[in-house]
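Take a look at the structure below.
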Amino acid sequence: MIVLGLSGAVNHDASAALYIDGKLVAAAEEERFLRDKHAKGKMPYEATKFCLEQAGIRPDQIDIVAFPYAEIGLKSPARWHYAKRHWYAPDRALTALFSGNRRYWRNHRNVMKLLDDLGIGAKRVKFVPVEHHLAHASSAFHLSGFKEKTAIIGIDGKGEYATTFFGYGENGKIHKIKEFYDPDSLGGVYGALTEYLGFEMLDGEFKVMGMAPYGDPKRFDFSRLIDYKNGDFKVNTKLVNVVGTRRYKKNGKGYFF
């Protein structure tokens with residue numbers, strides 16, 4: 001069985017990986033071919049071509065295409081949480097309730113186009129969307145070598161709606177315990193502060209992390225940014241992780257603070 005994995009679901013770091021009968025035979029990031037750091041807004045055309053050439057197979061030999069972004073059903077608490085927390089931006093809230101995650105459908109169209117453009121065949125191949133945080137969890141657990149019950153935590157900006165994932169892996173399977181949903185995102189807060197300091201979000205976070213140990217934690221009070229109690233937390237969306245009219249805008253660009 002030949003499985004092609006594609007990335008680039010959240011608009012950055014598009015990539016491709018190819019498995020043949022459970023063995024990784026090729027993997028590459030799109031930025032390496034485009035010479036465009038993070039390849040923002042791009043799909044992994046060149047990375048996919050490289051994987052096919054490296055493996056010596058034809059596009060029509062691929063059996064399954066996996067993509068780390070799934071459709072989230074109306075019964076999921078994620079959509080209702082998102083709508084409730086974005087009451088101040090009703091266009092976002094109503095879209096979440098009635099149309100689902102708008103990025104999923106955009107991603108789906110882009111992937112189908114890539115499959116047809118490269119001769120893989122969108123209608124021929126089996127397409128398997130994978131929840132974003134499950135993909136993150138899988139990349140850690142399934143490559144760890146652990147067989148026994150293993151705790152898993154994933155924290156990033158956000159996937160479909162989830163921003164933080166708690167679960168466990170056992171006997172090759174991953175089980176969810178709890179998730180936090182957008183806009184309540186620790187990664188989002190870090191990204192917003194990265195932007196506030198003048199760096200580029202989804203790129204400059206490592207610079208902020210590198211400088212952090214040299215800072216004085218007593219100099220500024222960040223307690224207003226996140227309200228934490230009873231094992232839960234809420235981000236102050238008047239200050240960070242904001243959308244719509246709450247965003248600071250400059251030269252046509254909107255920021256996350």
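The number of heavy-atom neighbours closer than 6.0 Å to CZ of Arg124, taken from other residues, nucleotides and ligands shown, is above 12. More than 12 heavy-atom neighbours from other residues, nucleotides or ligands sit within 6.0 angstrom of CZ on Phe222. Within 6.0 Å of CZ in Phe141 there are more than 12 heavy atoms belonging to other residues, nucleotides or ligands. Counted within 6.0 Å of CZ on Phe127, heavy atoms from surrounding residues, nucleotides or ligands total more than 12; the atom is thus considered enclosed.
When all heavy atoms of Phe257 and Ala192 are compared, the pair lying nearest together is CD2-O, 3.7 Å. Nearest heavy-atom pair, Tyr88 versus Val242, reported as atom, atom and distance to 0.1 Å: OH-CA, 3.7 Å. Minimum heavy-atom separation, Arg85 to Lys234: NH2-CB, 4.0 Å. Considering all non-hydrogen atoms of both residues, Thr163 and Gly157 come closest at CG2-O, 3.4 Å. Smallest separation of non-hydrogen atoms from Val130 and Ala135: CG1-N, 4.1 Å.
You'll find the side chain of Ile174 reaches within 4.5 Å of the side chain of Ile152, heavy atoms only. Residues Tyr190 and Val208 have side chains in contact (heavy-atom distance under 4.5 Å, counting atoms from C-beta outward). Counting heavy atoms from C-beta outward, Pro44 and Leu114 have side chains that approach closer than 4.5 Å. At least one side-chain heavy atom of Leu6 sits less than 4.5 Å from a side-chain heavy atom of Thr48. By the 4.5 Å heavy-atom criterion applied to side chains, Val10 and Asn107 are not counted as neighbours. Contact annotation: the side chain of Arg103 approaches that of Tyr69 to within less than 4.5 Å [non-hydrogen atoms, C-beta and beyond]. Glu71 is not listed as a side-chain neighbour of Pro129, based on a closest heavy-atom distance of 4.5 Å or more. Side-chain contact between Phe180 and Asp232 is present, with heavy atoms from C-beta onward closer than 4.5 Å.
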Determine, stepwise, if the pair Trp80 / Leu74 fulfils side-chain contact (heavy atoms from CB on, under 4.5 Å). CA-CA 8 Å; Trp80 294 92; Leu74 184 60; 4.1 Å; yes
Is there a side-chain contact (heavy atoms from CB on, under 4.5 Å) between Lys40 and Leu202 once you walk through the steps? CA-CA 10 Å; Lys40 291 184 178 180; Leu202 301 175; 4.2 Å; yes
Report the C-alpha distance between Ile2 and Gln61 in whole Å, list the side-chain angles of each, state the deciding distance to 0.1 Å, and finish with yes or no for side-chain contact (heavy atoms from CB on, under 4.5 Å). CA-CA 7 Å; Ile2 301 177; Gln61 289 181 277; 4.1 Å; yes
Assess the residue pair Val189 and Ile226 against the criterion (side-chain contact (heavy atoms from CB on, under 4.5 Å)); give the C-alpha distance rounded to whole Å, side-chain angles, the decisive distance to 0.1 Å, and a yes or no. CA-CA 9 Å; Val189 171; Ile226 300 176; 4.2 Å; yes
Please determine whether ring pair (Phe, Tyr, Trp, His ring centres under 6.0 Å) holds for the pair Phe50 and Phe33, giving the CA-CA distance in whole Å, both sets of side-chain angles, and the decisive distance to 0.1 Å. CA-CA 9 Å; Phe50 169 83; Phe33 304 96; 5.6 Å; yes
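For the pair Lys218 and Asp216, the salt-bridge criterion is not met [side-chain N within less than 4.0 Å of a carboxylate O].
Remark: Lys49 NZ to Asp117 CG distance equals 9.0 Å, nearest 0.5 Å. One finds the CG atom of Asp156 at 10.5 Å from the CG atom of Leu186 (value rounded to the nearest 0.5 Å). Asp13 CG to Glu30 CD: the interatomic distance, rounded to the nearest 0.5 Å, is 11.0 Å. Between atom NZ of residue Lys42 and atom CG of residue Leu34 there is a gap of 6.5 Å, rounded to the nearest 0.5 Å. Expressed to the nearest 0.5 Å, how far CG of Leu52 lies from CG of Leu18 amounts to 6.5 Å. Atom OH of residue Tyr161 and atom CD of residue Glu179 lie 13.0 Å apart, to the nearest 0.5 angstrom.
Checked by atom type and distance alone, the side chain of Thr194 never pairs as donor or acceptor with a backbone atom of Met201 at under 3.5 Å. A donor-acceptor pair is defined here as one N or O able to donate and one able to accept, closer than 3.5 Å; no such pair exists between the side chain of Thr150 and the backbone of Phe146. Listed for the Glu53 side chain is no donor-acceptor partner under 3.5 Å among the backbone atoms of Cys51.
In this structure, Met43 is a member of the same hydrophobic cluster as Val125, with clusters built from ILVMFWY side-chain heavy atoms closer than 4.5 Å. A single hydrophobic cluster is not seen to contain both Met209 and Ile155; linkage of ILVMFWY side chains at heavy-atom distances under 4.5 Å, directly or through other members, places them apart. Linking ILVMFWY side-chain heavy atoms closer than 4.5 Å, directly or via other members, places Met112 and Trp105 in a single hydrophobic cluster.
Aromatic ring orientation, His136 versus His133: perpendicular (interplanar angle above 60°, classes split at 30° and 60°).
In summary, the aromatic rings of Tyr82 and Tyr181 are positioned with their centroids too far apart to meet the 6.0 Å limit.
For Lys207 and Phe199, the positive end is not near the middle of the six-membered ring at less than 6.0 Å and at most 45° from its axis. A cation-pi arrangement is not found for Lys23 relative to Tyr19, the charged atom failing to lie both closer than 6.0 Å to the ring centre and inside a 45° cone about the ring normal.
A side-chain N or O of His81 and one of Asp184 form a donor-acceptor pair less than 3.5 Å apart.
Counting only residues at least two apart or on different chains, the side chain to side chain donor-acceptor pair (under 3.5 Å) pairs with a member in residues 242-257 are Thr237-Arg246.
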